[in-house]
Amino acid sequence: MFLRAVVRQSNMLGQRNLCSQISSPRLKGKVAVVTASTDGIGYAIAERLGQEGAKVVVSSRKEQNVVKAVDQLTKSGLDVVGVKCHVANASDRKALFEKAVEKFGGIDILVSNAAVNPEVGAVLDASEAAWDKIFEVNVKCSFLLAKEALPYLRQRKNGSIVFVSSIAGFQPFSLLGAYSVSKTALFGLTKAASQDLAPEGIRVNCIAPGIVRTKFAAALHESESARDTALEKIPMGRFAQPPEIAGVCAFLVSDDASYITGETIVASGGMPSRL
């Protein structure tokens, strides 16, 4: 009963967050590219960056999702364009960046959010095919997106890259073994890239969300038993809402975080976060 009451309180908090308005234009003049941004965390990030003044390029594997997201964000008064982009497709990635330059004149911010998890199970039970797919999209494509965005970021001042990882990278989820390892790899990518790019004024950071109420994480919160089990691991006693993760991202890509690079910011409601 207590946990269900906490969930109801969480839902009300989430609604208040979704309805809140952002008045600070701290990203005015910036151009942001956000992958997997037509739903869930990615959509919330695109919306928040737009609310803070950025021009935003949203993307998804499915054209209809891109059209819907652009329509919604545009109706909210945000300056947004969309591109169909499967991050594992080289020509799609090229088109994504070219659209940003064509429509908005350059790129200041890259948020790599796309991820997959085709199988559930312990890490050593994962099939080779699932392992390859997870690491191709979650790690290799994050690397490639950063690498391919770099020439554009170098043309602007104070560029910023954010990789979206997961609390599972610190504390592996038993049913998400291979996925958890892929998210740990993003911590290393963040550290290595940030060291290389710091002298150029390009910052690289990472976000490790806890359990967020999204379709992607539905298996962790849809059923009552799964929900109660998950909530027991969260000291704050509730799941995150996507706008709460978006706020962390907006901070990291803004001048408020101008002296922060190579860091992973955990937003997990108090879940353990140490390797």
Side-chain angles (χ1 to χ4, degrees), residues 27 29-43 45-47 49-50 54-71 73-74 78-118 132-165 182-183 185-186 188-190 192-194 196-197 200-207 216 249 252-253:
L27 299 180
K30 301 293 186 181
V31 178
V33 173
V34 187
T35 62
S37 48
T38 61
D39 192 18
I41 292 173
Y43 181 88
I45 289 173
E47 182 178 45
L49 301 189
K55 301 177 188 296
V56 184
V57 181
V58 300
S59 65
S60 171
R61 291 179 300 167
K62 297 181 179 180
E63 180 69 31
Q64 63 266 33
N65 293 345
V66 173
V67 172
K68 180 180 178 182
V70 169
D71 182 60
L73 293 168
T74 302
L78 306 183
D79 201 347
V80 176
V81 296
V83 180
K84 174 186 171 296
C85 178
H86 190 314
V87 294
N89 184 300
S91 60
D92 279 7
R93 295 193 305 271
K94 185 173 185 288
L96 177 67
F97 296 129
E98 288 179 344
K99 176 66 75 171
V101 174
E102 173 194 341
K103 297 295 292 186
F104 298 137
I107 301 170
D108 302 280
I109 298 162
L110 169 67
V111 181
S112 179
N113 176 62
V116 298
N117 185 57
D132 288 345
K133 184 67 174 179
I134 288 168
F135 273 80
E136 178 189 20
V137 174
N138 299 6
V139 183
K140 180 181 177 180
C141 289
S142 291
F143 156 75
L144 289 173
L145 283 162
K147 182 180 179 70
E148 293 162 6
L150 191 53
Y152 302 105
L153 294 172
R154 281 174 168 153
Q155 294 172 10
R156 317 272 278 204
K157 293 183 178 180
N158 304 319
S160 183
I161 298 171
V162 173
F163 298 115
V164 179
S165 180
S182 75
K183 291 301 186 175
L186 290 180
L189 178 58
T190 297
S194 68
D196 291 340
L197 298 179
E200 301 183 54
I202 297 172
R203 298 182 299 106
V204 184
N205 290 293
C206 186
I207 305 172
F216 189 83
C249 187
L252 284 175
V253 302

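The analysis underlying the following values was restricted to heavy atoms, covering all of them including side chains, and did not include hydrogens, waters or symmetry mates.
The OG atom of S142 sits 5.0 Å away from the CG atom of L186 when rounded to the nearest 0.5 Å. We find the CD1-CG distance between I202 and D196 to be 11.0 Å, quoted to the nearest 0.5 Å. One finds the CG atom of L144 at 11.5 Å from the CG atom of N89 (value rounded to the nearest 0.5 Å). Atom NZ of K68 is separated from atom CG of D39 by 8.0 Å, given to the nearest 0.5 angstrom. Rounding to the nearest 0.5 angstrom, the gap separating the CD1 atom in I109 from the SG atom in C249 is 7.5 Å.
Looking at heavy atoms from C-beta onward, L78 lies out of side-chain contact with V56 at the 4.5 angstrom threshold. A heavy-atom distance below 4.5 Å is not found between the side chains of V83 and V66. With a 4.5 Å cut-off on side-chain heavy atoms, R154 and L197 count as touching. A heavy-atom distance below 4.5 Å is not found between the side chains of S194 and N205. The shortest side-chain heavy-atom distance between V70 and V81 does not fall under the 4.5 Å cut-off. Using a 4.5 Å cut-off on side-chain heavy atoms (C-beta onward), L153 and I107 make contact. You'll find the side chain of I207 stays beyond 4.5 Å of the side chain of I41, heavy atoms only. Residues F97 and V57 are not in side-chain contact: their nearest non-hydrogen atoms beyond the backbone lie 4.5 Å or more apart.
Within a 6.0 Å sphere centred on NZ of K30, other residues, nucleotides and ligands contribute more than 12 heavy atoms.
Y43 pairs in a side-chain contact (heavy atoms from CB on, under 4.5 Å) with only one of the listed residues (V58, N65, L73, N113), which is L73.
For the residue pair I161 and A146, the shortest heavy atom distance occurs at CD1-CB, 4.1 Å.
Residue pairs satisfying the salt bridge (charged side-chain N to carboxylate O under 4.0 Å, His left out) criterion with at least one member in residues 100-115, sequence neighbours excluded, are listed as follows: D108-R156. Identified under the salt bridge (charged side-chain N to carboxylate O under 4.0 Å, His left out) test for residues 137-150, with sequence neighbours left out: R93-E148.
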*Please step through side-chain contact (heavy atoms from CB on, under 4.5 Å) for the pair F104 and D79, ending with a clear verdict.*
CA-CA 10 Å; F104 298 137; D79 201 347; 3.6 Å; yes
